[in-house]
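Let me begin by presenting the structure, written as structure tokens, before commenting on it.
All values derive from a computational prediction rather than experimental measurement.
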Amino acid sequence: MFSTLQQQFLDFWKKQSLSRQITYVTLILAVLILSPVLVNWANTPSYSSAYTGLSETDAAQIVQKLDENSIPYQLKDSGTIQVPSDQVYTTRLLMAREGLPKSSTVGYELFSGTSMLGMTEFSQKINYQRAIEGELERTIGSLEAVQSVRVHLVTPEKALLSSTQALSTASVTIQVNLGYTLDASQVRAITHLVASSVEGLKSENVVVVDSEGNMLADGISPDGETSMSPKDDQRAAELAYADEVKTRVQSILDKILGPNRAIVQATVEMDWTQREVTSNLYAPTEIALRSSQIINESSTSGGTTGGVPGAASNLPTPVATTTGSDASSYSRNEETLNYEVSQTQSHEVIAPGKISRLSVSVSVDSITDADQLASIKSAVEVAAGIDIDRGDQIVVESFAFDRTAIDALNAELAKQTQQELYLQIAYAVAASLAMLGMLFIALRYINNLRNASKESWKTVMLPVSQMAALADSQQSSPALEQEPANPLLQSTPPSGALPSALAAISAQAAAMKAEAEAADAQIEDVVVQVASRREMASASEDEQNARIIARLTEENPATVADIIQIWLNEGKK
């Protein structure tokens, strides 16, 4: 079978002109090359830029995260990352959750691969300043509490006299991560870091500002410490605590109600007054004997007399005296007791920063169940640390959130996704149609090849019965000189019919000859006439067969070759 097809293909190929052969080869090669290309193109998603202008550090970290999450990507250069169009926003949200990209600044790599030839001194100075600013931003941005940072330097031209030299200055803008604060020591470290990195820059000339416009550092105070506004420091502490309370409550509500179903706001008031309290406490029921004194005194006098007291008893002239015999006595008792009351003395120093009032407001989306609102209020009260006795307040209200902007964004994303889906379907359909068209063309040429190589069989001899009947009719026909009709080209016999038909004709001719020899010798005229007619018929038949074979050889040489091959095969048998 395969040899036959191969022979038919070779016969068809030899009959084609050079231009058609080149066309066939070109079409076959195009089908073989374009088919896998079209299949690969149809299965390849379209890519869009997710990030451009990234630093090498951020690009490396983003690529690592994309590999971890099995997201395909393409790198156009060191700072451009492309992902499938339907995953652009998902990728950005995923990277934002990881805190990427952290920065898009450039440092000393600004000079990598850059020729200094042709650059002016001013350009070199600007590039050097940009490089220092970028390196400082990267260093400060590596701090855990810092989300993003911007550094600006001012370096004046050098003057001839030091007395007229302008001082270098710097300004730093910091965005602090949620839940973090920068204390005085951290701000002082940042100012000294910047001052130590720039020639001629002093710490008192570095200004640090946060993203909300609060002054964190404006120079150095006389005692050598970075001066910060006490009120700003106190306000920063209140905001940090309020953010911490908000984060705790928001986390609980997101897990209970789902994301974007609740809004939490917290306000903290702190008492920044520093007080010292000294108190004495007495316990009147607790009495202790401190001291006691007892005095006992007694006196007894005998029977003696004496003069009258006074001047008369001392005169030279004796004065008459009186005597007596009465007795005298004296007695005295005295007791003194001193008691002490129990006393407690305490000295207390109250540090500033004590919470004096905490207020929490919670808005939930379309919750009308009173029991559910009460449960939410109880959970928020415990999570925030509400103290009603202290004067804290908590409010939980239900509102219908306005989701117009979110719905519009979701609709736009859905529309874009649908368009990309339709575009991919159109690409797939176009690729399928192109492949079907190429397949149709290939099948058509294969069919033409088979039709062109198919053998056109023609009838060489009729069956034996028809040939005998035809011979009898020719014998009975008076007009023998007329050329008989040629029924030999009416139909196409199978490949083995020609030899069998010739054999049958030979046998029939032999039989007719035997019958002629057996005829009545007496009818000489008839025999002569019949013999002459037979000779004429035989000559005309041989001539007719020769013409048929010549015509068949000219028109279908392949058929004649097959007939000869059949004869040779039969001869071998």
Nearest heavy-atom contact between His192 and Ser203 is ND1-OG, 3.1 Å
Does Met438, at its CE atom, have more than 12 non-hydrogen atoms belonging to other residues, nucleotides or ligands within less than 6.0 Å? yes
What's the verdict on salt bridge (Lys or Arg N to Asp or Glu O under 4.0 Å) for Glu269 and Arg390, showing C-alpha distance, side-chain angles and the deciding distance? CA-CA 12 Å; Glu269 295 180 4; Arg390 188 174 56 192; over 6 Å; no
In plain terms, say whether Lys415 and Glu420 are close enough for a salt bridge, that is, a side-chain N and a carboxylate O under 4.0 Å apart. no
Just wondering, are more than 12 heavy atoms of other shown residues or ligands nearer than 6.0 Å to CD in Glu68? yes
Could you pull out the closest heavy-atom pair between Lys246 and Val264, with the gap in Å? CE-O, 3.1 Å
Before accepting this row, confirm whether a basic side-chain N of the pair Glu133/Arg130 lies closer than 4.0 Å to the acidic partner's carboxylate O. no
Determine whether the side chains of Ser356 and Asp271 contain a donor N or O and an acceptor N or O closer than 3.5 Å. no
Say you draw a straight line from CD1 of Ile190 to OG1 of Thr139; how long is it, rounded to the nearest 0.5 Å? 11.0 Å
Are the side chains of Val194 and Leu201 in touch, meaning some heavy atoms are under 4.5 Å apart? yes
Between Gln82 and Tyr73, is there a side-chain donor-acceptor contact under 3.5 Å, judged purely by atom types and distance? no
Tightest non-hydrogen contact, residues Pro72 and Pro84, listed as O-CD, 3.2 Å
Distance (rounded to the nearest 0.5 Å) between Leu216 CG and Ile174 CD1: 6.5 Å
Decide yes or no for Arg403 and Asn260: does some side-chain heavy atom of the first lie under 4.5 Å from some side-chain heavy atom of the second? yes
Nearest-0.5 Å distance that lies between atom CE in Met95 and atom NZ in Lys65: 7.5 Å
Strictly distance-based, threshold 3.5 Å: is any side-chain N or O of Asn177 a donor or acceptor partner for the main-chain N or O of Tyr180? no
What distance do Ile263 atom CD1 and Ser361 atom OG have between them, rounded to the nearest 0.5 Å? 9.5 Å
Less than 4.5 Å apart, side chain to side chain, heavy atoms only: is that true for Lys377 and Ser375? no
Find the distance between CD1 (Ile441) and OH (Tyr24) and round it off to the nearest 0.5 Å. 12.0 Å
When you measure from the side chain of Asn69 to the backbone N and O of Ile71, does any donor-acceptor pair fall under 3.5 Å? no
Within-4.5 Å side-chain heavy-atom neighbours: Ile376 and Ile367: yes
Of all heavy-atom pairs linking Val88 and Ala50, the shortest is CG1-CA, 4.5 Å
Salt bridge check: are Arg261 and Asp365 linked by an N-O gap of less than 4.0 Å? yes
Would you please test Ser171 and His152 for side chain to side chain donor-acceptor pair (under 3.5 Å) and show each step? CA-CA 5 Å; Ser171 61; His152 301 280; 5.2 Å; no
Is it the case that the side chains of Glu397 and Ser363 hold a donor-acceptor pair, with the cut-off being a distance below 3.5 Å and no angle test? no
Residues forming a salt bridge (charged side-chain N to carboxylate O under 4.0 Å, His left out) with Glu348, sequence neighbours excluded: none
Less than 4.5 Å apart, side chain to side chain, heavy atoms only: is that true for Val364 and Gln372? no
Could you check whether any side-chain heavy atom of Thr164 comes within less than 4.5 Å of a side-chain heavy atom of Leu160, counting everything from C-beta outward? no
Will you find, in the side chains of Ser168 and Thr155, an N or O donor that is under 3.5 Å from an N or O acceptor? no
With no hydrogens and no angle check, is any side-chain donor or acceptor of Asp392 less than 3.5 Å from a backbone partner on Leu358? yes
Give the intermediate values and the outcome of side chain to side chain donor-acceptor pair (under 3.5 Å) for residues Ser48 and Ser85. CA-CA 5 Å; Ser48 299; Ser85 301; 2.8 Å; yes
Among all residues two or more places apart in sequence or in another chain, which pass the salt bridge (charged side-chain N to carboxylate O under 4.0 Å, His left out) test with Glu334? Arg332
Are Leu182 and Val176 close enough that some pair of their side-chain heavy atoms sits under 4.5 Å apart? yes
Within the structure provided, determine whether Val380 and Leu253 are in side-chain contact (heavy-atom separation under 4.5 Å). yes
Verify side-chain contact (heavy atoms from CB on, under 4.5 Å) between Lys354 and Met270, making sure each step is shown before the conclusion. CA-CA 5 Å; Lys354 183 179 180 180; Met270 295 183 176; over 6 Å; no
CG of Leu443: more than 12 outside heavy atoms within 6.0 angstrom? yes
Going by distance alone, is a donor N or O of one side chain under 3.5 Å from an acceptor N or O of the other, for Gln418 and Tyr422? yes
Within a reach of under 6.0 Å around CD of Glu157, are more than 12 heavy atoms found that belong to other residues, nucleotides or ligands? no
Verify the neighbour count for atom OH of Tyr47: are there more than 12 heavy atoms of other residues, nucleotides or ligands below 6.0 Å? yes
Is any side-chain N of the basic residue among Arg248 and Glu244 closer than 4.0 Å to the acidic one's carboxylate O? yes
Test item: Glu135 side-chain N/O and Ile132 main-chain N/O as donor-acceptor pair under 3.5 Å: no
Working for side-chain contact (heavy atoms from CB on, under 4.5 Å), residues Val209 and Met215: CA-CA 5 Å; Val209 183; Met215 181 71 70; 4.3 Å; yes
Heavy atoms only: give me the nearest Thr278-Gln345 pair and the separation to one decimal. CG2-NE2, 4.1 Å
Between the main-chain N or O of Asp407 and the side-chain N or O of Glu412, is there a donor-acceptor pair closer than 3.5 Å? no
Go through it in stages, so that I can follow the logic: the residues are Asp369 and Leu373, the test is side-chain contact (heavy atoms from CB on, under 4.5 Å), and I'd like the CA-CA distance, side-chain angles, deciding distance and then a yes or no. CA-CA 6 Å; Asp369 189 359; Leu373 290 175; over 6 Å; no
Take Arg150 and Glu137, measure what side-chain contact (heavy atoms from CB on, under 4.5 Å) needs, and give me the verdict at the end. CA-CA 6 Å; Arg150 291 282 292 171; Glu137 290 176 3; 3.8 Å; yes
Give the minimum heavy-atom separation between Trp272 and Pro352, together with the two atoms involved. O-CB, 3.2 Å
If we ignore hydrogens and angles and just use 3.5 Å, is the side chain of Thr191 paired with the main-chain N or O of Arg188 as donor and acceptor? yes
Spatial distance of atom CD1 (Ile28) from atom OG1 (Thr23) [nearest 0.5 Å]: 11.0 Å
Can you list the residues that meet the salt bridge (charged side-chain N to carboxylate O under 4.0 Å, His left out) rule with Glu199, with sequence neighbours excluded? Lys158
Main-chain N/O of Thr247 paired to Ser251 side chain as donor or acceptor, under 3.5 Å: no
Is a salt bridge present between Arg235 and Glu238, judged by a nitrogen-to-oxygen distance below 4.0 Å? yes
